[in-house]
Every structure is written in structure tokens, then in C-alpha cells.
Amino acid sequence: MDISRLEKLSESAWRLSPRDGMRAPAIIYAAETLVSEMDDKVLEQIANVAKLPGVARAAYAMPDAHWGYGFPIGGVAAFDADEGGVVSAGGVGFDVSCGVRTHLTGLTPDQIHAVQDDLAAALYEHIPVGLGAEGELRLDDQEMTAMLSGGARWAVERGFGREEDLLRIEERGRAVDADPAEVSEFARKRQRREMGTLGSGNHYLEVQEVVDIFDPVVAEGYGLKRGECVVTIHCGSRGLGHQIGTEFLREMAVSAPALGIALPDRELACAPIKSDLGRRYLGAMRSAINCALANREIIGHLTRQVFARFFQHGELPLMFDVSHNTCKVERHAVDGGTRDLYVHRKGATRAFGPGDERLPESLRAFGQPVLIGGSMGTGSFVLAGVTTSEERAFSSACHGAGRRMSRHAATRMWGGRQVVDDLRAQGIIVKSPSMRGVAEEAPGAYKDVGAVVDSAEASGLAKKVAFLRPMICVKG
DNA sequence: ATGTCC
């Protein structure tokens with residue numbers, strides 16, 4: 001990206017003032033090196049987002065931003081329903097409510113090492129993974145509706161997971177105002193056999209060691225101890241969310257002219273929040289959020305079953321579960337007052353600061369855990385929300401390392417087998433049904449996650465709490 | 001992300 005087009009606000013914040021139909025500025029939060037490495041498309045896309053009706057304050061790109069469908073991945077934008085604001089299927093993303101959860105294990109790396117190969121094999125065997133993977137569960141239409149309405153709470157009621165998990169899930173495990181009636185028959189059909197499955201692409205389950213603590217007080221508050229292991233699960237709403245995204249993107253693109261919306265890019269298809277189409281999308285999208293929350297709760301349950309075979313204490317309490325592809329109604333400061341806004345976070349994590357009443361009491365003093373998935377070789381971070389993030393980016397932060405190159409480019413650079421062997425030499429066991437998928441996800445295909453989170457911290461979006469190094473990776 | 005083109 002040509003950085004000379006941007007106004008430098010600080011070492012890690014860059015602004016494009018409104019032009020060419022932009023209704024608000026575009027702001028990129030990242031150190032100069034990361035901004036320079038970003039594709040020009042990121043700036044073009046975030047500027048286009050700032051052209052949409054009812055956009056509030058500014059459109060933002062997080063430090064891990066990269067080119068996406070319409071909106072960049074790592075994009076945040078909020079819209080005001082009373083100002084003609086819109087909701088956009090492309091602004092949420094195809095994998096609705098894709099997200100991350102981390103379970104504590106209380107186990108030491110030595111305990112994992114003693115069973116590492118067998119544990120990796122058991123996790124890989126017990127948790128369905130890969131494109132088109134099916135689980136043991138079969139949902140009839142009535143159960144599908146209950147799941148789409150109940151989220152992780154539905155899963156717990158059916159015996160998958162524990163009541164106490166719900167307090168450690170965003171929105172207490174359930175998106176309210178979901179409308180399962182707006183989820184098509186085909187979307188339901190695609191999901192019938194896919195509950196409790198990990199999926200493919202960048203989705204994974206990892207056993208990780210906490211190797212660095214940056215903020216001892218917050219780490220203790222989260223239950224993270226140096227030299228202990230955690231399990232992190234990254235997945236979303238599988239075929240159902242994808243189908244909802246596909247259907248509504250198409251309908252929004254077709255309907256835009258009639259709804260009086262001039263799209264700067266067809267991929268930015270959207271509908272007024274106060275329209276029938278907008279309301280229907282929100283009802284379906286919230287159902288997909290519940291699908292993802294239920295899916296991760298079931299996978300957490302399956303993980304506990306495997307750990308119970310190997311260890312006496314297989315409780316695996318949930319530290320936190322947070323989505324990074326969502327649209328949520330939140331109250332934020334705008335123009336000297338506060339407004340209810342529809343905050344789109346696509347490849348961006350909600351990051352409430354300390355004291356926020358929407359956080360569970362046990363976490364409120366520390367700020368919200370922000371779970372950052374790095375690549376399978378380089379490791380992951382746990383961050384904490386900070387109060388400055390509200391004015392900087394509607395209480396949002398990055399979500400991962402961000403791709404450095406396309407999947408296709410990665411397969412030209414690496415072979416899957418070679419990546420697996422290289423990681424094994426570093427003590428990391430990778431299990432995957434797809435060697436091509438592993439090549440696409442090679443550590444070198446991602447940006448330096450450390451540089452990304454340093455930028456997030458410098459930008460006042462979140463602060464570093466802990467660094468996690470993978471030991472076992474089950475990869476889709 | 002995705003039974004990578006219902």
C-alpha cells in the first residue's frame with residue numbers, strides 16, 4: 001500500500017480523509033511496516049465501506065487486515081439505523097460467527113509430552129475435521145430450530161457442555177432475537193449432520209503451552225499460568241452460515257437499486273437495517289451465530305471426553321469463547337452523544353475494556369479476553385480489552401496473524417508433508433485430512449503475529465496478556 | 001469460509 005496517501009495520526013494509526021463519496025474517514029491501525037505490506041485493495045475496500053449509508057464515525061482496518069469479499073478481513077464498521085444505516089452480509093463474512101474458544105487444562109507440558117502422539121491421534125479421531133466432515137449428531141427440523149434459537153445453551157441442555165461454560169461465552173452463549181424461520185430449508189439441510197465438526201481452511205484445534213506472560217495480574221484473572229497447557233478451538237457455523245451468507249449476498253445485491261442504495265462495489269451488497277430484507281438477514285445471521293456457539297460448545301465437550309481418557313482431571317474449564325465474524329447492536333459514543341449502532345466485525349474481535357457491564361463478573365475487572373489465533377507454527381496470543389478501544393474502533397481488536405499470501409501462492413511455496421515434518425522437528429504434531437490444506441496454512445503464509453499484536457497494543461485496541469505455543473494441532 | 005459451480 002502506498003502510505004503517502006494516508007495522514008499519519010500516530011506510529012500505528014493512519015487516516016484517509018473522506019473523498020470520492022466517502023461519508024466518513026477510513027482509519028488503519030498498524031505500524032508502518034504492516035501498512036506498507038498491506039495490499040492496496042485493503043485501503044480501497046475500507047474506503048468503499050465508508051461510502052455506505054449511515055456509516056458512523058469512521059470505517060476501520062485492524063493490524064491484521066487483508067483483502068476480503070467486499071469488506072476487508074480485519075474490518076470494523078458501524079451503522080446507525082436512524083440515519084439510513086445498512087446491514088451487510090459481506091460485512092459479516094461467509095463464516096458467520098467464526099470464532100475462538102480457549103479451555104484451561106491445568107496440565108503441564110510434561111504431562112502432555114508423555115502422551116502427545118496418542119492424544120493427538122485421539123483428538124483427530126474423535127473430532128470430525130475437514131471439508132464435508134459429518135458428526136454423530138443428526139438434527140431433525142424441530143431440533144434444528146431449537147439449536148438456532150438456543151445456541152450454546154441448547155447444547156448444554158442436551159448434555160454437550162456445562163452450565164458454567166455459558167457465563168464464559170460472549171452473550172452468555174446465545175444471540176437473542178435470532179429468527180430461525182428466516183433460515184432456508186437448504187441451509188438447514190446442509191447443517192443437519194455437521195454439528196460438532198471443525199471444518200476446514202484456517203479452522204483448528206490446538207493443545208498449547210503458555211510460554212510467556214506479559215500481564216501477570218490479568219493472566220491470573222483469566223486462569224492462565226506460565227508452564228500450563230490450554231486447548232484452543234477455532235471454527236464457525238459450517239455449511240449453515242455459508243449458505244445464509246450466499247443467499248443474502250445475492251438477494252442484497254439484486255435488491256440494492258430498489259432499496260435506493262448505490263453500491264460502490266457489488267460485493268458490498270447490503271440492505272437498510274429498517275427494511276424487510278435487513279430484518280430478515282439479521283434474524284438469519286443471529287441464528288447462524290447460535291449455530292456457531294453451539295458447534296464450539298459441542299466440540300469443547302468432545303475435547304473433554306478425549307482428555308478424560310488420558311488424565312484424571314478432565315474438567316477443562318472454559319476460559320472464554322468469542323466470535324470474530326458478527327454484526328451486533330451496541331451503544332457507542334458518536335458526535336457527543338451515545339447511539340445504538342450495528343457494529344460489523346469481520347475478522348475482528350470484540351474487545352470490551354475493564355468495567356464493562358456486558359462482561360461476566362469474574363472477568364469484569366480485567367477486560368474481555370481477546371483470543372488471537374496465529375499460524376500453526378508460530379503460536380497464538382491472548383489479549384485483554386482496554387478502555388481506549390471504544391473511541392478507537394468501537395471496542396474492537398485484531399483476530400489473528402492475517403494472511404501474507406494467497407492459498408494458491410502458499411501451495412506453490414510449500415508441500416504439506418514438508419510442513420508437517422518441519423513442525424514435528426519443532427515438537428509440534430499436526431494432524432490433518434488434507435496435505436494441501438496444511439500447505440495453504442504453512443506458517444510462512446501468515447504475517448508475523450507478534451508484530452500484529454504489538455500494533456494492536458500500540459494502537460490502544462487491546463493489551464498483551466499471554467503467548468501460547470502449539471504442541472498439537474488438529475487442522476481442517 | 002464453503003459438498004471451492006444449485
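Within every chain, numbering begins at 1; the chains are lettered A, B, ... in the order of the sequence lines, protein sequences first and strands thereafter.
- Atom CD of A/Glu134 is surrounded by more than 12 heavy atoms from other residues, nucleotides or ligands within 6.0 Å.
- Regarding A/Ile73, its CD1 atom lies at a distance of 13 Å from the C1' atom of B/dT2, rounded to whole Å.
- A salt bridge links A/Glu330 and A/Arg350; the closest N-O separation between the charged side-chain nitrogens and carboxylate oxygens is under 4.0 Å.
- No contact: A/Tyr69 has no heavy atom under 4.0 Å from any strand.
- Contacts of A/Gly93 with the nucleic acid, taken as non-hydrogen atoms under 4.0 Å apart, are absent.
- A/Glu206 has no carboxylate O lying under 4.0 Å from a charged side-chain N of A/Arg469, or vice versa, which leaves the two without a salt bridge.
- Here B/dC6 presents its C1' atom at 10 Å from CD of A/Glu247, a figure rounded to the nearest Å.
- The side chain of A/Arg436 sits closest to B/dT4 out of B/dT4, B/dT2, B/dC6.
- Both tests pass for A/Arg358 against the ring of A/Phe352: distance under 6.0 Å to the centre and angle within 45° of the axis.
- Atom P of nucleotide B/dT2 and atom CZ of A/Phe94 are separated by 12 Å, given to the nearest angstrom.
- For the pair A/Asp95 CG and B/dT2 P, the computed distance is 6 Å after rounding to whole Å.
- In this structure, A/Glu134 reaches neither bases nor backbone, as no heavy-atom distance under 4.0 Å exists between it and the strands shown.
- Between the CD atom of A/Glu251 and the P atom of B/dC6 there is a distance of 18 Å, rounded to whole Å.
- Regarding A/Lys189, its NZ atom lies at a distance of 18 Å from the P atom of B/dT2, rounded to whole Å.
- Note: CZ (A/Arg250) to P (B/dC6) measures 9 Å, nearest angstrom.
- Seen from the ring of A/Tyr60, A/Arg392 does not count as a face-on cation partner, given the 6.0 Å and 45° thresholds.
- Along DNA chain B, the nucleotide nearest to A/Arg407 and the one nearest to A/Leu131 differ in position, and the one closer to the 5' end is contacted by A/Arg407.
- Within 4.0 Å (heavy atoms only), A/Arg193 reaches no atom of the nucleic acid at all.
- Atom-to-atom, CG of A/Leu198 to P of B/dT2 comes out at 9 Å; the value is rounded to the nearest Å.
- For the OP1/OP2 pair of B/dT2 and a distance below 4.0 Å, the side-chain nitrogens and oxygens of A/Ser200 include at least one atom meeting the criterion.
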